[in-house]
Amino acid sequence: MTESSVPFLPFVRPEIDEETIRGVADVLRSGWITTGPQNQAFEKALSEYCGGRPVRTFNSGTATLEIGLRIAGVGAGDEVITTPASWVATSNVIIEVGATPVFVDIDPKTRNIDLDLMEKAITPRTKAIIPVFLSGLPVDMDRLYAIARAHKLRVIEDAAQAFGSTWKGERIGKLGDIVSFSFHANKNLTSIEGGALVLNNEEEAVLAQKYRLQGIVRTGFDGMDCELLGGKYNLTDVAARVGLGQLPHIERFRAQRHALARAYFAGFEGGVAVRLGMGLPLADFENSNWHMFLVTLPLARLSIGRAGFMEQLKERGIGSGVHYPAIHLFSLYRARGFREGMFPHAEHYGASTVTLPLFTQMTEGDVERVCRAVNEICQQYGQ
Ligand SMILES: *Cc1c(COP(=O)(O)O)cnc(C)c1O
């Protein structure tokens, strides 16, 4: 088989089983297609997964972050500390609730927020922290919560990528303050679009419900009041049915992703890419769910840039992505005074990172093919 006849390998692809597809058809035929019994079942199953904590579903992992901040009482005049190495949603929601995003640099080994720098960035105006578990790798949760407790700060965990990750054997979502998951199509557990908040008590869960649907509270057959300014963030039952169908597979998803990540480490070992200085992710097989396999290109030693590298991968039938350019260098953030040089590790990471294919229906043979292609491109354009 010639390389060109090999099917294109995307960098991500969701796995939806036939039972789920039939289940979705049943929901569509049932007459109840928006938020209803499937959502109740999904919230119940997610709550069980998170050790019995209250869980409320939403229509995105952006809505969950924003509502998480509102439930924590974050608003105008407050500072929220986060990382510039994330999807821009993480910090956009801080601006959305009227607060000020305060970035601190990443630890280049984990690519997650540097907790030493985070502690130094705390001021009397700091109200909350949004740590991001990039590619499913949690931060040091003991340290994070020790700092949060010492300074009386709320934590909204951006665990969008960390469904199925653990900390010292305990599931992310089971511990901690407010936890935000995303079920976007690319995430380890998907409901096409969607998200969930794991909360501390029923009071927060009731607040979450109000923010989720126009601040409305119903009583009896006809009673209705609007108690606060909520939005329209509820999840459809079609989406909830997709999410429910993913849950039984989550441990297998994690195991398969671990095996594929291990194959990447083996495939790159001693190769030209690593010799030129390609950066590999932290080899964590304890805590991470291996949501993505993120490398940094040795751009100083390549005669092509990242776009050229990605084009070369595409010519070899391999998809790739970029997760993520440093947030503070986007126009919206430059307009707020952020500049190059402020967070050098996040900037270097953001300018050189490439996401290689990693999804459950890939084979270790596919991983070998990607490693071969990466080494071949580095061989050809390395200097
Ligand atoms: C996906 C993601 C989000 C946003 O989730 P959506 O469901 O796409 O709104 C937020 N933060 C991180 C780190 C993400 O990966």
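Taking the charged nitrogens against the carboxylate oxygens, E66 and R70 do have a contact shorter than 4.0 Å, which makes a salt bridge. A salt bridge does not link R369 to E364: none of the charged side-chain nitrogens sits closer than 4.0 Å to a carboxylate oxygen. In this structure, K44 pairs ionically with E48, as a charged nitrogen and a carboxylate oxygen lie closer than 4.0 Å. Looking at K168 and E286, no side-chain N of the basic residue comes within less than 4.0 Å of a carboxylate O on the acidic one, giving no salt bridge.
Listed by first and then second residue, the side-chain hydrogen bond (donor to acceptor under 3.5 Å, both in side chains) pairs involving residues 75-86 are E79-T123, S86-T90 (not counting sequence neighbours). Applying the side-chain hydrogen bond (donor to acceptor under 3.5 Å, both in side chains) rule to pairs touching residues 49-59 yields N39-T57, E43-T57, R53-N200, R56-Q209, sequence neighbours excluded. Under the ring-ring contact (aromatic ring centres under 6.0 Å, His included) criterion, the residue pairs touching residues 342-383 are H328-F343, with sequence neighbours excluded. Sorted by first and then second residue, the side-chain hydrogen bond (donor to acceptor under 3.5 Å, both in side chains) pairs involving residues 262-277 (not counting sequence neighbours) form an empty list. Applying the ring-ring contact (aromatic ring centres under 6.0 Å, His included) test to pairs two or more places apart or on separate chains, none has a residue in residues 184-212. The salt bridge (Lys or Arg N to Asp or Glu O under 4.0 Å) contacts involving residues 93-108 comprise nothing, where partners must be two or more places apart or lie in separate chains. Pairs passing the ring-ring contact (aromatic ring centres under 6.0 Å, His included) check and including a residue from residues 224-256, sequence neighbours excluded, read H249-F253. Sorted by first and then second residue, the pairs that involve residues 96-154 and meet ring-ring contact (aromatic ring centres under 6.0 Å, His included), not counting sequence neighbours, are F103-Y333, F103-F338.
Side chains of D177 and I156 form no contact here, defined as non-hydrogen atoms less than 4.5 Å apart. Between L153 and I122, the closest side-chain pair of non-hydrogen atoms falls below 4.5 Å. E15 places a side-chain heavy atom less than 4.5 Å from the side chain of R252. Residues I178 and L197 form a side-chain contact, since some pair of their non-hydrogen atoms from C-beta on lies under 4.5 Å apart. Side-chain contact between V370 and V374 is present, with heavy atoms from C-beta onward closer than 4.5 Å. Between F11 and L356, every side-chain heavy-atom pair lies at or beyond the 4.5 Å cut-off. Using a 4.5 Å heavy-atom threshold, the side chains of T20 and R241 count as touching. The shortest distance between side-chain heavy atoms of L260 and W290 does not fall below 4.5 Å.
Environment of CZ in R13: sparse, with no more than 12 heavy atoms of neighbouring residues, nucleotides or ligands closer than 6.0 Å. Applying the 6.0 Å contact sphere to CG of L280 captures more than 12 heavy atoms from other residues, nucleotides or ligands. No more than 12 heavy atoms of other residues, nucleotides or ligands lie within 6.0 Å of CD in E19, so this atom counts as exposed by the packing criterion.
Side-chain N/O atoms of T64 and S180 include a donor and acceptor closer than 3.5 Å. No side-chain donor from either of H291 and S135 sits under 3.5 Å from a side-chain acceptor of the other.
Partners of W167 under the ring pair (Phe, Tyr, Trp, His ring centres under 6.0 Å) rule, at least two apart in sequence or in another chain, do not exist in this structure. Taking the side chain to side chain contact (heavy atoms under 4.5 Å, CB included) definition, one finds that V217 meets it with K210, E227, sequence neighbours left out.
Annotation for A99 and V80: closest pair CB-CG2, 4.2 Å, computed over non-hydrogen atoms. Of all heavy-atom pairs between V155 and P131, the closest is CG1-CD, 3.8 Å. Minimum heavy-atom separation, P101 to I94: N-CG2, 3.5 Å. In terms of heavy-atom proximity, L235 sits nearest to T35 at O-OG1, 2.7 Å. Shown here for S191 and V242, the closest heavy-atom pair between the two residues is CA-CG1, 3.9 Å. When every heavy atom of A346 is checked against every heavy atom of P84, the shortest pair comes out as CB-CG, 3.6 Å.
As a member of the Ile/Leu/Val/Met/Phe/Trp/Tyr network built from side-chain separations under 4.5 Å, L137 groups with L282. When hydrophobic residues (I, L, V, M, F, W, Y) are linked wherever their side-chain heavy atoms come within less than 4.5 Å, the members clustered with M224 are I216.
The closest donor-acceptor contact from the side chain of D366 to the backbone of T363 lies under 3.5 Å. Not a single donor-acceptor pair under 3.5 Å links the side chain of R171 to the backbone N or O of C50. At least one donor-acceptor pair under 3.5 Å links the side chain of T296 to the backbone N or O of G279.
Aromatic rings from F293 and F265 are positioned such that their centres are separated by under 6.0 Å.
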Exercise for the section: Any chance you could lay out the ring-ring contact (aromatic ring centres under 6.0 Å, His included) test for F183 and F42, step after step, and finish with the verdict? Expected result: CA-CA 12 Å; F183 305 139; F42 192 29; 5.4 Å; yes
Exercise. So E157 and I172, side chain to side chain contact (heavy atoms under 4.5 Å, CB included) or not? Walk me through it.
Worked result: CA-CA 9 Å; E157 296 177 20; I172 294 299; 4.0 Å; yes
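By the criterion of side-chain heavy atoms lying less than 4.5 angstrom apart, applied directly or through intervening Ile, Leu, Val, Met, Phe, Trp or Tyr residues, L199 is grouped together with L228 in one hydrophobic cluster.
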